[in-house]
Student: 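Before I ask anything, here is the structure I am working with.
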Protein chains: 2
Amino acid sequence: MHAKDLPEIRHLPLFRDMRQASFDTLMDKAYAQSFPMGLELIRQGDPADFLHVVMEGSVELYAHWAGHESTMAVVHPVGTFILAACVRDQPYLMSARTLERSRIILIPASDLRVTFRQDPDFAVSVVTELAGCYRAVIRHTKGLKLRNSRERIAAWFWRQAAQRGNLASFVLPVEKRFLASYLGMTPENLSRSLKSLEADGVKVDGSRVIITDRARLEALVQPDPLIDGA
Amino acid sequence: MHAKDLPEIRHLPLFRDMRQASFDTLMDKAYAQSFPMGLELIRQGDPADFLHVVMEGSVELYAHWAGHESTMAVVHPVGTFILAACVRDQPYLMSARTLERSRIILIPASDLRVTFRQDPDFAVSVVTELAGCYRAVIRHTKGLKLRNSRERIAAWFWRQAAQRGNLASFVLPVEKRFLASYLGMTPENLSRSLKSLEADGVKVDGSRVIITDRARLEALVQPDPLIDGA
DNA sequence: TCTTTTGGTTGATAAAGATCAAGCAATCTA
DNA sequence: TAGATTGCTTGATCTTTATCAACCAAAAGA
């Protein structure tokens with residue numbers, strides 16, 4: 001556990017408002033570890049031992065059943081994952097693997113559970129964080145059910161651009177096959193849709209995305225804060 | 001607000017462990033109301049004013065975008081809904097309407113937010129409840145992404161039977177069109193799939209479901225606690 | 001009781017998306 | 001740098017699911 005990580009972790013909404021003493025004891029039990037690319041950090045069904053914080057790299061959360069696999073989320077720095085399993089002391093619902101070499105902070109779930117029972121400010125932060133996670137999944141599921149695959153891709157691009165201050169061009173932060181799976185389609189389907197989206201104001205060349213016609217894209221996306229986020 | 005409701009509400013996991021004083025003040029601000037069938041209780045995007053508790057009847061949570069509509073959940077007694085929007089003081093992500101004549105308890109969101117900051121036991125209950133809601137949506141989304149429509153229907157039947165103590169026959173608690181939408185398909189698709197599922201151990205006659213061959217159904221469903229619940 | 005309404009079913013057809021196979025190009029590695 | 005690997009793309013085809021329209025039956029209302 002490196003001292004230089006502490007300010008960054010402390011700055012996260014989840015840890016921002018807790019008592020310094022609680023934060024210190026929690027961090028005291030935590031440790032950092034670096035993992036190579038492609039390593040399975042968590043297997044779905046395993047007991048929830050640690051809250052994970054991604055400091056560097058990126059982590060895919062994915063689900064599998066009957067030989068099928070689906071990307072549920074990709075976590076980038078600085079972000080946490082599987083808080084819900086930790087607080088309920090129940091098995092993980094998703095597996096996790098590193099998408100690149102990653103540095104992860106591991107916070108023992110048992111200490112977490114003790115801490116939010118002792119520090120009311122932290123409890124409030126956990127409540128707020130979990131409510132936010134819940135709402136994020138609901139929004140994603142709404143997108144899956146209400147939009148077709150072309151619209152989902154367009155909406156994802158629109159959102160990415162918006163998060164970068166409406167930048168007209170950016171590089172994909174994940175490989176296309178994970179994006180495809182996250183958006184609930186096959187890589188082939190994504191590939192074909194990308195080509196057809198040139199007519200709707202997005203051009204994709206390799207991993208570079210260029211919004212060529214923002215108005216046209218927006219007409220297709222019909223952005224909705226209750227799906228795409230504020 | 002009827003006194004006879006209090007024990008039932010108090011028995012809910014969310015309210016079970018809070019201090020009596022907190023519960024009393026919360027219930028003091030709450031009030032009960034009866035609504036006719038088909039009434040829109042909540043419109044998505046509205047500010048979160050009340051935590052809702054269904055005492056009688058049933059309520060559909062649904063989402064809409066660009067003229068499309070999709071059932072996200074159906075809440076039966078005794079169940080709560082839109083806790084997340086309340087604790088974050090943010091707009092509802094889903095609309096809600098009564099599916100039949102229903103009696104609902106309305107607990108002001110502002111009082112709720114005050115209470116879980118003052119009563120640590122209640123805060124822990126809210127944490128646990130929200131984590132449970134989050135995990136329920138994740139499980140449902142996993143089902144949507146990993147299973148095809150036939151499998152989703154079969155899994156839903158299997159789960160319903162399991163919740164009723166592996167009863168071989170039960171009556172659908174919702175109209176088929178809502179079930180179809182909840183499971184992410186059209187009513188026509190559901191209707192056709194139901195017929196084809198006779199070959200897999202489920203027979204449906206009107207609103208009556210009969211599990212004719214549990215083993216066969218289970219072979220199709222491949223039940224997984226990480227999707228179908230424990 | 002007789003209509004009217006509404007939810008459900010069925011059939012025909014269309015569209016969306018998945019699958020399989022082959023080819024390509026960028027990246028990694030020896 | 002050459003070869004191998006890997007992810008992406010493209011084409012052909014098949015499956016799944018949606019759409020549209022008609023019809024039926026149960027339930028609600030006059």
Side-chain angles (χ1 to χ4, degrees), chain A residues 36-38 58 60 62 65-71 74 97-101 143-154 171-200 202-209 220, chain B residues 36-38 58 60 62 65-71 74 97-101 143-154 171-200 202-209 220:
Chain A
M37 171 181 160
S58 54
E60 181 203 11
Y62 63 104
W65 174 83
H68 300 267
E69 205 173 285
S70 187
T71 302
V74 176
R97 72 164 76 96
T98 54
L99 293 179
E100 53 195 309
R101 178 165 184 79
L144 284 173
K145 293 184 79 177
L146 292 169
R147 297 210 260 232
N148 65 27
S149 57
R150 262 184 112 244
E151 291 164 342
R152 292 201 296 277
I153 300 166
V171 172
L172 288 176
V174 284
E175 286 177 21
K176 285 179 187 165
R177 57 198 174 120
F178 296 117
L179 178 59
S181 179
Y182 175 66
L183 295 176
M185 65 191 75
T186 57
E188 295 93 328
N189 190 1
L190 174 64
S191 185
R192 277 182 253 270
S193 296
L194 286 182
K195 184 168 278 188
S196 89
L197 278 173
E198 285 189 29
D200 284 276
V202 211
K203 178 139 181 28
V204 180
D205 180 39
S207 66
R208 172 146 304 270
V209 181
L220 173 64
Chain B
M37 172 183 160
S58 54
E60 180 203 12
Y62 63 104
W65 173 83
H68 299 265
E69 205 174 285
S70 187
T71 302
V74 175
R97 73 163 76 96
T98 54
L99 293 179
E100 54 195 308
R101 178 167 182 77
L144 284 173
K145 293 184 79 177
L146 293 169
R147 297 209 259 231
N148 65 26
S149 58
R150 260 182 113 247
E151 292 164 342
R152 292 200 297 276
I153 300 166
V171 172
L172 288 176
V174 284
E175 286 177 21
K176 286 180 187 163
R177 58 198 172 120
F178 296 118
L179 177 59
S181 179
Y182 175 67
L183 295 176
M185 66 193 73
T186 57
E188 293 95 327
N189 190 1
L190 174 64
S191 184
R192 276 183 252 269
S193 297
L194 286 183
K195 184 168 278 186
S196 90
L197 279 174
E198 285 189 29
D200 284 275
V202 211
K203 177 135 181 32
V204 180
D205 180 39
S207 65
R208 171 146 303 269
V209 181
L220 174 63

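Just the heavy atoms: all of them, side chains too, but no hydrogens, waters or symmetry mates, feed the values below. Numbered from 1 within each chain, the chains take letters A, B, ... in sequence-line order.
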Student: Considering only side-chain heavy atoms of B:N148, which listed nucleotide, D:dT17, C:dG7, D:dG7, is closest?
Tutor: D:dT17
Student: Rounded off to whole Å, could you give me the CG-to-C1' distance for the B:L99 and C:dG7 pair?
Tutor: 14 Å
Student: Rounded to whole Å, how long is the line connecting atom CZ of A:R177 with atom P of C:dA18?
Tutor: 17 Å
Student: Going from CZ on A:R150 to CG on A:D200, what distance comes out if it is rounded to the nearest 0.5 angstrom?
Tutor: 4.5 Å
Student: If you round to the nearest 0.5 Å, how far is CG of A:L194 from NZ of A:K203?
Tutor: 10.5 Å
Student: From CD1 of B:I153 over to P of D:dT17, roughly how many Å is that when rounded to an integer?
Tutor: 9 Å
Student: Would you kindly give the CZ-to-P distance between A:R147 and C:dA16, to the nearest whole Å?
Tutor: 17 Å
Student: If you look only at distance, which donor and acceptor atoms sit under 3.5 Å apart when one is on a side chain in residues 178-190 of chain A and the other is two or more places apart or in another chain?
Tutor:
residue	atom	partner	partner atom	Å
A:S181	OG	A:T71	N	2.7
A:S181	OG	A:T71	OG1	3.4
A:T186	OG1	A:N189	N	3.2
A:N189	OD1	A:S193	OG	3.3

Student: Using a cut-off of under 3.5 Å, enumerate the N/O to N/O pairs linking the protein to nucleotides 22-30 of chain C.
Tutor:
none

Student: In whole angstrom, what separates A:L190's CG from D:dC8's C1'?
Tutor: 10 Å
Student: Take atom CD of B:E151 and atom C1' of D:dT15, then tell me their distance rounded to the nearest Å.
Tutor: 14 Å
Student: To the nearest Å, how far apart are B:R150 CZ and D:dT17 P?
Tutor: 10 Å
Student: Could you work out which one of D:dT9, C:dG8, D:dA18 sits closest to the side chain of B:K176?
Tutor: C:dG8
Student: At what distance, to the nearest 0.5 angstrom, does CZ of B:R147 lie from NE2 of A:H68?
Tutor: 10.5 Å
Student: Please find the pair of heavy atoms, one from A:K145 and one from B:S70, that lie closest to each other, and give the distance.
Tutor: CE-OG, 2.9 Å
Student: Compare side-chain N and O positions of B:S191 against OP1 and OP2 of C:dG8 and report whether any pair is under 4.0 Å apart.
Tutor: no
Student: Rounded to the nearest 0.5 Å, how far apart are OG of A:S149 and CG of A:L144?
Tutor: 11.0 Å
Student: For B:L197 and B:L220: C-alpha separation, side-chain torsions, deciding distance, then whether side chain to side chain contact (heavy atoms under 4.5 Å, CB included) applies.
Tutor: CA-CA 10 Å; B:L197 279 174; B:L220 174 63; 3.5 Å; yes
Student: I need the CE-C1' distance between B:M37 and C:dG7, as an integer number of Å.
Tutor: 11 Å
Student: Any protein N or O atoms within reach of nucleotides 19-26 of chain D? Criterion: under 3.5 Å, listing atom names and distances.
Tutor:
residue	atom	partner	partner atom	Å
D:dT19	O4	B:R192	NH2	3.1
D:dC20	N4	B:E188	OE2	3.2

Student: Rounded to the nearest 0.5 Å, what's the gap from CE on A:M37 to OG on A:S58? Could you check?
Tutor: 9.0 Å
Student: Please check the phosphate of D:dT10 (OP1 and OP2 only) for any side-chain N or O of A:K195 closer than 4.0 Å.
Tutor: yes
Student: Would you mind reporting whether B:L99 and B:E175 have side-chain heavy atoms less than 4.5 Å apart?
Tutor: no
